[in-house]
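The structure appears below as structure tokens.
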Amino acid sequence: MHFIESANDLIHSTTPEGDFLFVNQAWRNAMGYNLEDLAGKTLYDLVPEDRRKLLSEELKSLAAGGRVNLLETVFRTRNGNDVVVEGNLNCTPESATARAAIWGICRDVTERKEIQRQLFNLAHYDTLTGLPNRVLFVDRLQQTKAQTQRRNQLMAVAFLDLDRFKVINDTLGHPVGDKLLIEVAERLNNGVRQVDTVARIGGDEFVVVLGNLKEQSDVERVVTKLMSLLAQPYTIEQHELFITCSIGISLYPQDDEDLDNLIKKADLAMYAAKGKGTCSFSFYSREMDEHAHKRFVLENGLRKAIDRQEFLLYYQPKVDVLSGNITSMEALLRWAHPDLGIIAPAEFIPLAEDSGLIIPLGEWVLKEACRQNKQWQERGYFNLRVAVNLSGHQLQHKDFIATVQRVLDETGLQPEYLELEITETVIMQHPEYVVGVLCQVRDMGIHISIDDFGTGYSSLSHLKKFSVNTLKIDKSFVKDIDTNETDAAIASAIVSMGNSLNLRVVAEGVETEAQFTILQDTHCDEVQGYLFSRPLPAAEVVTFIMERKEKNL
Ligand code: C2E
Ligand code: MG
Ligand code: MG
């Protein structure tokens, strides 16, 4: 008997009715009962209610000489915990000296089961938000599709991406971004029916499957509701945040029967929604495939475009409000695509950034702008600053300062004739690092401007640290400045803030006299926009400036 008593397995013995006859040391340790404590208790008392019927059948069958192969059950311990066990039940038949006894030999597999459960969760749920991940999502999609098909109804896949989430993440930090995502997940889950699935499938990307719908308007109703739920303000670590989302929707069965394709099409529709501006949704349509195709063509063409000299720079002047003098010329990149014509930077800069091509492309822009400016000076046309837009990728590149120095050396342009435009968002992504780089740029004698100011999340305290010369008010505030009081107030606040920090303030996107008059009244220093000049090819810049000189403007 000794080896039974000291075995590692949990061993117990009961009568065929379940009354305890023996429990070994391991069993006692795991369950917290001595044999005496078990007086009046049966095996049935230790297993969950829904297991009891089965257990009774097993015990009966064993007593009658049958076999039970694998015992898998949960025992409730004395202090109320559950121990998951796996093992065998055997019966020693009645003999001359002893009654029949059922022997259970089990292993405690609680830990293993818990690990299995955790592994399952890891494989099927997103750890941050607790929502299903892509794997489980595809599974649910499959089920919903089958149901929808049986009922001859409609299923929608809604692909949801948060607008400008990266800005929040980069400027307020990942912990804030994470908390925001958790709350977004919660709101989405509360906004759909029990039968629908919300999953997180990427950083700020969610998908929702809506099954058993009657018509397209059902989808619109749910999607509009989700959008307005997400648009309510969030309070996270004393920040009041606002975030909107863009949603793309594909429908089963009309858009596709294949699940992967349905997801892809919803994703495409989401990009189309983004293109409409923030906070909107789009249903998938055929033309979107063409759009995706265009992106593909652009991506491929981009690699060869530098060598083929397909890029060119246009220049747009910035004008001093008081004197009417031109202060600087902003270089704006264009791609003269052999088939598609002139393409605006918004269409290909993100592609260049994704592929890393922005580094050689950015260097080309810098060099070309400096070369052109030096040439204008040498020919005696004018001595103006040329402003070059920088991508965050360039600024974070380890060779950035060396590249700028080399370009200045090679072209012979004096640093005071170069200006670099950096967007507020880029600065706020890595404020400490960027401040360091900008200080070196300033020490080289180069002019620094913050572009698209007012769209990021920078604070006055951050601004003070920057060694910048100019703030450019984003054109979104200028657009309705003559009709929208809030925009006018923001623009005016930026001007006075800039003045108090000794910075020049430029308004971009000035198209009308009405906008200009208001900017004049707010004491904005410089303006830039179609009202004065569109971005011009290099050759036209000379004529433009010469004409202005002649008219004495
Ligand atoms: P940005 O630097 O803020 O440039 C201003 C954009 O507004 C330019 O668009 C310009 O053509 C446009 N614009 C100028 N005046 C007006 C106006 O009166 N009304 C309106 N509605 N728009 C006006 P563009 O040239 O398409 O450039 C878009 C953005 O692409 C630029 O915004 C800049 O962020 C980026 N970009 C342009 N060239 C380069 C470059 O060489 N490198 C990098 N990294 N980015 C560039
Ligand atoms: Mg700019
Ligand atoms: Mg701008």
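In each ligand, atom 1 is the first atom listed, and ligand 1 is the first ligand listed.
- Within the listing of ligand 1, atoms 44 (N) sit less than 4.0 angstrom from a heavy atom of L390.
- Residue contacts with ligand 1 for S391 involve both N, CA, C or O and side-chain atoms from C-beta outward (heavy atoms, distance under 4.0 Å).
- The closest non-hydrogen atom to atom 37 (C) of ligand 1, taken over P345, S533, A331, comes from P345.
- The pair K264-D258 does not meet the salt-bridge criterion, since no charged nitrogen lies less than 4.0 angstrom from a carboxylate oxygen.
- Between the side chains of T244 and D163, at least one donor N or O lies within less than 3.5 Å of an accepting N or O.
- In summary, K179 and E183 do not engage in a salt bridge, as defined by a charged side-chain N under 4.0 Å from a carboxylate O.
- The Mg ion (ligand 2) has no N, O or S atom of S449 closer than 2.8 Å.
- Under 4.0 angstrom from ligand 1, the non-hydrogen atoms of V365 all belong to its side chain.
- Considering backbone and side-chain N/O of R334, one or more are found under 3.5 Å from N/O of ligand 1.
- Taking the six-membered ring where tryptophan is involved, the planes of F348 and F311 are tilted, since the angle between them lies from 30° to 60°.
- The nearest non-hydrogen atom to atom 12 (C) of ligand 1, considering only E353, E421, K475, comes from K475.
- By the criterion of a heavy-atom distance under 4.0 Å, the side chain of E508, and not its backbone, is placed next to ligand 1.
- Taking the Mg ion (ligand 2) as the corner point, the angle from N389 atom OD1 to D451 atom OD2 is about 90° (rounded to 10 degrees).
- Contacts between I349 and ligand 1, counted as non-hydrogen atom pairs separated by less than 4.0 Å, involve the side chain only.
- Between N389 and ligand 1, at least one N/O pair is under 3.5 Å apart.
- Those atoms of ligand 1 that come under 4.0 Å of a heavy atom in P535, given as number and element, are 11 (O).
- The closest approach between any non-hydrogen atom of K479 and ligand 1 is not below 4.0 Å.
- Heavy-atom proximity to E511, at under 4.0 Å, picks out these atoms of ligand 1: 17 (C), 18 (O), 19 (N), 20 (C), 21 (N).
- By the 4.0 Å N-to-carboxylate-O rule, D218 lies close enough to R221 to be salt-bridged with it.
- Using 4.0 Å as the threshold, G362 has no heavy atom nearer than that to any atom of ligand 1.
- The pair K374-E410 does not meet the salt-bridge criterion, since no charged nitrogen lies less than 4.0 angstrom from a carboxylate oxygen.
- Minimum interatomic distance between Q316 and S533 (heavy atoms only, all atoms of both residues): NE2-O, 3.0 Å.
- Backbone or side-chain N, O or S atoms of E330 reach the Mg ion (ligand 2) at under 2.8 Å.
- Between L333 and ligand 1, an N or O atom pair is found at a separation short of 3.5 Å.
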